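Notes for the one structure printed next.
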Number of protein chains: 2
Amino acid sequence: MTKVHSASETDEKGEGFLKNIAIDAVIFGFHDDQLKVLLIEYKGTGLFALPGGFIKTEEDLNSAALRVVSERIGLEDIFLEQFYVFGDYSRYNPVQFKIIMSANGIVPADDHWLLKRFISIGYYALVDFTRAKPTPAAIFDSCDWYDLNNMPTLIQDHTFIVKKALNTLRSNLDHKVVGLNLLPQDFTMGDLQKLYETILGKKLLRPAFQRKMLALGILERVAKKWTGGAHKAPYLYKFINEIVDFSSK
Amino acid sequence: MTKVHSASETDEKGEGFLKNIAIDAVIFGFHDDQLKVLLIEYKGTGLFALPGGFIKTEEDLNSAALRVVSERIGLEDIFLEQFYVFGDYSRYNPVQFKIIMSANGIVPADDHWLLKRFISIGYYALVDFTRAKPTPAAIFDSCDWYDLNNMPTLIQDHTFIVKKALNTLRSNLDHKVVGLNLLPQDFTMGDLQKLYETILGKKLLRPAFQRKMLALGILERVAKKWTGGAHKAPYLYKFINEIVDFSSK
DNA sequence: TTCTATTGTATCATTGTGTTACAATAATAA
DNA sequence: TTATTATTGTAACACAATGATACAATAGAA
């Protein structure tokens, strides 16, 4: 939920946005053998949250989600997918939003639209860490990457939302080509394996992993090789085309 | 979308419900070797649609979905799961709802809440056909089962929603025990195989199917046998406990 | 008792995966 | 130049899962 970045969103009635519906985005990156999540911090509150936003009156839901994510990281080519809708009544807690608005000099009326109950549609995004440019909105103190297992406390049920997003990512690992979106253009088989191991939270056997990945037929060896340490140079790979889902196999 | 069954839902402002959010339910049943879907017909319009409803102000989203489904089939023990949120702006078409309301003697003002744009949260349900009791609401002419591949034309994007629900069901077939919810208490291995074949839309090999199902360890042989034709009597099985998801395997 | 249709399962081939082993190689050091 | 070392690429084997065929068991009908 609840990036409040434009004048219209602080409007008492929320004209121009759909009521009672928010989008929360779990944006995953991968760097230094760590899964990262993008979090924002509301100005002057010390409150951390997932990036989020609302749906404009004439905007497609998925477009709204893409807008919310790309505003935060400055990229357009993003893997983005709905994973769950969070709609328990117990999520409803207007107090925190009063604090956030107060810290921005807004004293909302009790029937301000942002203090109403919201159903939140959860999206998860996979982005290339090396190209993403975390960009805070006006009412954020910060917008940055955090290690998945070293996050600050988040508002509402956002920690749970991250957990659920990770579970979705894990179970999609067999069906979708995840690396395509989390790794730079070229990468070694070791890089890819590290990514998988980090997402799954367990070690994989190298020969079996390599054999399986090559058998998928979605990797292409780039003729170039790596330079670096005192050992055999690994191949660099890239993904062949835009095949993203191969669940039919 | 858009079962209009209580006085409050025809209220101009939609007091008591969340705005801009609807629930659409794809309720699957299985009978005569056919997958069935429950459809409703709006009174005096010839318009067919999925059963649906809205979320009460203090109601959990999933509870609302359960309420919507159980009101239609009179069962409480239902497998029910979110599968997608339909939120394209092109879904928005208030004309059909004017027709539906007119046919019920309501002439809505142009800003009637039901004529606003709705985001629809799609749920699919699996129910025991033999125990379900399709029950129309006051403003329906009918509420009945239809063969999945012989449905009438549906309003809005409801045909697409059914298609997407079926795809979800198919890809969940490996992870969830589907038969538990679509078959009566006791069934033969042939019944179970027919169900799988119907969902997947293709033939399966009998020995492999039987071996795999038995290996899952979720079936229990009921001592009784079948009586009927001029051949060996099959065993009757039932599902052991409430294991519904075994994706950890 | 014989015949027929269907069920339960054994069997074998093929494929996929876990595991170990080892040759190939890129830098460094002798 | 040659050995050393760390890592990569892949062969090879064992084992499990699955596709496919075959056949014995059996319930009713002829």
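Residue numbers start from 1 in every chain, and the chains themselves are labelled A, B, ... in the order their sequence lines are given, proteins ahead of strands. As the structure is a prediction and not an experimental result, all values here were calculated from the model.
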- Would you kindly compare A:K232 and B:K232 by the position of their nearest DNA chain C nucleotide and give the one closer to the 5′ end? B:K232

- Rounded distance in Å - CZ (A:R206) to C1' (C:dT17): 16 Å

- Under the 6.0 Å and 45° cation-pi test, does A:R221 pair with A:Y237? no

- Message: In terms of relative ring orientation, are B:F86 and B:F160 parallel, tilted or perpendicular, with 30° and 60° separating the classes?
- Response: perpendicular

- Which one, D:dG9, C:dG18, C:dT20, comes nearest to the side chain of A:R221? D:dG9

- Any idea how B:F239 and B:F187 line up, ring-wise: parallel (<30°), tilted (30 to 60°), or perpendicular (>60°)? tilted

- Residue pair A:A208/A:A230 against DNA chain C: nearer the 5' end by closest nucleotide is A:A208

- Task: Go through C:dT20, C:dT9, C:dA26 for me and flag the one nearest to the A:A233 side chain.
- Result: C:dA26

- Between A:L205 (CG) and C:dG16 (P), how many Å, whole number? 18 Å

- Message: Using a distance-only criterion (donor-acceptor N/O pair, under 3.5 Å, no hydrogens), is the base of C:dG16 paired with the side chain of A:R211?
- Response: no

- Should the ring pair B:Y146 and B:F48 be called parallel, tilted or perpendicular, given that the plane angle runs from 0 to 90° and is split at 30 and 60? perpendicular

- Query: How close or far is atom P of C:dT17 from atom NZ of A:K212, stated in whole angstroms?
  - Reply: 5 Å

- Rounding to a whole Å, what distance do you find between B:D191:CG and C:dT6:P? 14 Å

- Think A:Q210 has a side-chain N or O under 4.0 angstrom from the OP1 or OP2 of D:dT8? no

- Query: Once you round it to whole Å, what is the distance between C1' of D:dG9 and CG of A:L192?
  - Reply: 15 Å

- Item | Distance, rounded to the nearest Å, where A:H231 contributes NE2 and D:dA3 contributes C1' | 18 Å

- Task: For A:E81 and A:Y124, indicate whether the former's side chain and the latter's backbone hold a donor-acceptor pair under 3.5 Å.
- Result: no

- Round to a whole Å and report the spacing from CE of B:M189 to C1' of C:dT9. 12 Å

- Nearest-Å distance for atom pair CE/C1', residues A:M213 and D:dT10: 17 Å

